[in-house]
Amino acid sequence: MVFYFTSAVVNPDYTIYMGKDKYENEDLIKYGWPEDIWFHVDKLSSAHVYLRLPKGHTINDIPPEVLIDCAQLVKNNSIQGCKMNNINVVYTPWANLKKTGDMDVGQIGFHRQKEVKIVAVEKKVNEIVNRLEKTKVESSPDLAAEKESRDQEERNEKKAQLQEHKRKEKEEQKRRREMEELKNYSSLMKSENMKTNEDGYDSDDFM
């Protein structure tokens, strides 16, 4: 089971989602998208919350209001963290998550620590949490199929871009050939004109 939330503090909306338990988190880790940003309460147990960014956006493009929504949702879904003030929430791109065979279910590490960011949460803001909870939708998606569909779409886009690049390349080559042919033709015509002028014009002698 996956819980989906909508952050409508900016336009267009952002989708936030999380697994029901640590076993569901394993699938979310496995089938995450490059556009996903992972959130977790620092040094405490909490839900694994993901923010799905628009394609082409990065972690640095997250609107501040959306970042606060994600941090509040993570805090609220931490047994210890929800009762504490002044906690930190860590977040990083999904691609930076590292899972090894010796890790427990739901446990995660990072490939590059420098890509992990921190947002401080002073206290729980009920207004934000309640607003997000009202948008909550429970679903049992086929995460593997969704990931494959997304990857196939990306492959098709790259193929189309490659074909367009080749088409433009051919057009450019054709244009260059035509320019070269025109240049050669102009040179030839100039040469012929010079030859004709050197020969002069024949005229009848009436004297």
Side-chain angles (χ1 to χ4, degrees), residues 1-10 13-54 57-59 61-100 102-113 115-144 146-147 150:
M1 184 69 69
V2 179
F3 301 132
Y4 292 92
F5 304 85
T6 299
S7 175
V9 287
V10 295
D13 299 345
Y14 278 74
T15 296
I16 306 170
Y17 68 96
M18 66 182 188
K20 182 179 181 180
D21 53 38
K22 63 181 181 180
Y23 298 100
E24 195 78 346
N25 287 336
E26 288 293 302
D27 285 338
L28 296 183
I29 293 168
K30 184 177 181 180
Y31 298 114
W33 293 17
E35 294 81 19
D36 290 342
I37 305 297
W38 173 90
F39 290 79
H40 196 277
V41 174
D42 191 27
K43 298 181 175 63
L44 295 175
S45 175
S46 78
H48 291 217
V49 173
Y50 291 82
L51 171 67
R52 180 148 294 167
L53 299 179
H57 288 212
T58 71
I59 193 170
D61 298 320
I62 301 174
E65 303 91 337
V66 177
L67 183 62
I68 292 172
D69 276 6
C70 292
Q72 284 289 328
L73 192 60
V74 175
K75 173 179 168 56
N76 191 58
N77 285 277
S78 170
I79 295 174
Q80 294 175 274
C82 70
K83 304 171 185 175
M84 300 167 60
N85 291 334
N86 300 310
I87 65 164
N88 287 330
V89 170
V90 294
Y91 61 108
T92 194
W94 165 80
N96 192 38
L97 300 180
K98 181 175 70 175
K99 182 72 178 181
T100 58
D102 59 342
M103 289 181 174
D104 293 335
V105 174
Q107 188 179 3
I108 205 71
F110 308 115
H111 291 291
R112 296 165 296 279
Q113 189 63 38
E115 292 186 18
V116 180
K117 294 178 175 288
I118 296 176
V119 56
V121 182
E122 181 181 353
K123 61 182 180 179
K124 178 181 177 179
V125 181
N126 288 318
E127 180 184 356
I128 294 176
V129 173
N130 292 339
R131 168 169 53 78
L132 291 171
E133 285 292 337
K134 288 178 181 178
T135 70
K136 183 177 179 179
V137 175
E138 297 183 15
S139 181
S140 299
D142 187 336
L143 296 172
E146 288 185 355
K147 177 69 179 298
R150 180 255 171 224

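Only heavy atoms go into these numbers, but all of them, side chains included; no hydrogens, no water, no symmetry mates.
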Colleague: Does NZ in K136 sit with more than 12 non-hydrogen atoms of other residues, nucleotides or ligands closer than 6.0 Å?
Modeller: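 Result for NZ/K136: enclosed.
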Colleague: Counting only N and O atoms by type, is there a donor-acceptor contact under 3.5 Å from the side chain of K75 to the main-chain atoms of G81?
Modeller: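 A pair under 3.5 Å: yes.
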Colleague: Side chain of Q107, backbone of D104: donor and acceptor closer than 3.5 Å?
Modeller: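 Between the backbone of D104 and the side chain of Q107 there is a qualifying donor-acceptor contact (under 3.5 Å).
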Colleague: Please, which pairs that meet salt bridge (charged side-chain N to carboxylate O under 4.0 Å, His left out) have at least one residue in residues 40-54, sequence neighbours excluded?
Modeller: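 The answer is D36-R52.
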Colleague: In the structure I gave you, are the side-chain heavy atoms of M18 and N77 within less than 4.5 Å of one another anywhere?
Modeller: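 Yes; the side chains approach each other to less than 4.5 Å.
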Colleague: Looking at every non-hydrogen atom in both residues, tell me the closest pair between I29 and W94 and how far apart they are.
Modeller: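 That would be O-NE1, 2.7 Å.
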Colleague: Between S7 and I16, which heavy-atom pair has the shortest distance, and what is it?
Modeller: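 Shortest heavy-atom separation between S7 and I16 comes out as CB-CD1, 3.9 Å.
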Colleague: Between A71 and V121, which heavy-atom pair has the shortest distance, and what is it?
Modeller: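 A71 and V121 have their closest heavy atoms at CB-CG2, 3.6 Å.
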Colleague: Using every non-hydrogen atom in the two residues, find where I62 and L67 come nearest and quote the distance to one decimal.
Modeller: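 Distance-wise, the nearest heavy atoms are CG2-N, 3.8 Å.
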Colleague: May I ask you to test the Y4-T135 pair for a side-chain heavy-atom distance under 4.5 Å?
Modeller: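 No, too far: nothing below the 4.5 Å cut-off.
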Colleague: Where do L51 and W38 land on the side-chain contact (heavy atoms from CB on, under 4.5 Å) test, with the steps shown first?
Modeller: CA-CA 7 Å; L51 171 67; W38 173 90; over 6 Å; no
Colleague: By the definition ring-ring contact (aromatic ring centres under 6.0 Å, His included), identify the one residue from Y91, F5, Y17 that meets it with Y50.
Modeller: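 Result: among Y91, F5, Y17, Y17 is the only option passing the ring-ring contact (aromatic ring centres under 6.0 Å, His included) with Y50.
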Colleague: How many angstroms lie between atom CD of Q113 and atom OG1 of T92, to the nearest 0.5 angstrom?
Modeller: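 If we round to the nearest 0.5 Å, Q113:CD and T92:OG1 are 8.5 Å apart.
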Colleague: R131: what forms a side chain to side chain donor-acceptor pair (under 3.5 Å) with it, not counting sequence neighbours?
Modeller: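 Side chain to side chain donor-acceptor pair (under 3.5 Å) check on R131 returns D69.
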Colleague: Quick one: side chain to side chain donor-acceptor pair (under 3.5 Å) partners of N86, sequence neighbours excluded?
Modeller: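 Checked N86 against side chain to side chain donor-acceptor pair (under 3.5 Å); zero matches.
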Colleague: Among residues at least two apart in sequence or on other chains, which ones pass side chain to side chain contact (heavy atoms under 4.5 Å, CB included) with I68?
Modeller: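 Scan of I68 (side chain to side chain contact (heavy atoms under 4.5 Å, CB included), adjacent residues dropped) gives Q72, I128.
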Colleague: Quick one: does K124's side chain get under 4.5 Å of K83's, heavy atoms only?
Modeller: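 The answer is no; the side chains never approach within 4.5 Å.
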Colleague: Going from SG on C82 to CG on L44, what distance comes out if it is rounded to the nearest 0.5 angstrom?
Modeller: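 Result: 10.5 Å between the selected atoms.
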Colleague: Suppose we screen for side chain to side chain contact (heavy atoms under 4.5 Å, CB included). Which residues come up paired with D61, at least two apart in sequence or across chains?
Modeller: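 Once residues adjacent in sequence are excluded, the partners of D61 under the side chain to side chain contact (heavy atoms under 4.5 Å, CB included) criterion are H57, T58.
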Colleague: Quick one: are E138 and F3 in side-chain contact, heavy atoms under 4.5 Å?
Modeller: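 The answer is yes; the side chains approach within 4.5 Å.
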Colleague: Using the salt bridge (charged side-chain N to carboxylate O under 4.0 Å, His left out) criterion, which residues pair with R112? Sequence neighbours excluded.
Modeller: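 Listed in chain order: E115.
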Colleague: Side chain to side chain contact (heavy atoms under 4.5 Å, CB included) with E127: which residues, sequence neighbours excluded?
Modeller: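 Applying side chain to side chain contact (heavy atoms under 4.5 Å, CB included) to E127 gives V125.
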Colleague: Can you run down the ring pair (Phe, Tyr, Trp, His ring centres under 6.0 Å) pairs that involve residues 122-144, sequence neighbours left out, and say none if there aren't any?
Modeller: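 Qualifying pairs: none.
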Colleague: Working note: K117 + I59, criterion side-chain contact (heavy atoms from CB on, under 4.5 Å); need CA distance, chi angles, decisive distance, verdict.
Modeller: CA-CA 9 Å; K117 294 178 175 288; I59 193 170; 3.8 Å; yes
Colleague: G109 and M103: which non-hydrogen atoms are nearest, and at how many Å?
Modeller: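 Smallest heavy-atom distance, with atoms named: N-CE, 3.7 Å.
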Colleague: For residues 19-32, which residue pairs pass the salt bridge (charged side-chain N to carboxylate O under 4.0 Å, His left out) check, not counting sequence neighbours?
Modeller: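 Salt bridge (charged side-chain N to carboxylate O under 4.0 Å, His left out) check on residues 19-32 returns E26-K99.
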Colleague: Hey, does the side chain of H111 reach the backbone of L97 with a donor-acceptor pair shorter than 3.5 angstrom?
Modeller: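 Looks like yes, one N/O pair under 3.5 Å.
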Colleague: Please round to the nearest 0.5 Å and tell me the distance separating atom CD1 of I37 and atom CG of L53.
Modeller: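 Rounded to the nearest 0.5 Å, the CD1-CG separation comes to 4.5 Å.
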Colleague: Using the test side chain to side chain donor-acceptor pair (under 3.5 Å), find all partners of Y14 that sit at least two apart in sequence or belong to another chain.
Modeller: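 Not a single residue meets the side chain to side chain donor-acceptor pair (under 3.5 Å) criterion with Y14.
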Colleague: Which residues satisfy the side chain to side chain donor-acceptor pair (under 3.5 Å) test with E133, sequence neighbours excluded?
Modeller: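 With neighbours one apart ignored, the set is empty.
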Colleague: Nearest 0.5 angstrom please: S46 OG to F39 CZ, how far?
Modeller: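 Going from the OG atom of S46 to the CZ atom of F39 covers 11.5 Å.
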Colleague: Identify, with sequence neighbours excluded, every residue that meets side chain to side chain contact (heavy atoms under 4.5 Å, CB included) alongside A144.
Modeller: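 Once residues adjacent in sequence are excluded, the partners of A144 under the side chain to side chain contact (heavy atoms under 4.5 Å, CB included) criterion are Y31, D142.
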Colleague: To check you understand the geometry: which heavy-atom pair defines the closest contact between L28 and G19, and what is its length?
Modeller: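 Reported closest heavy-atom pair: CD1-N, 3.2 Å.
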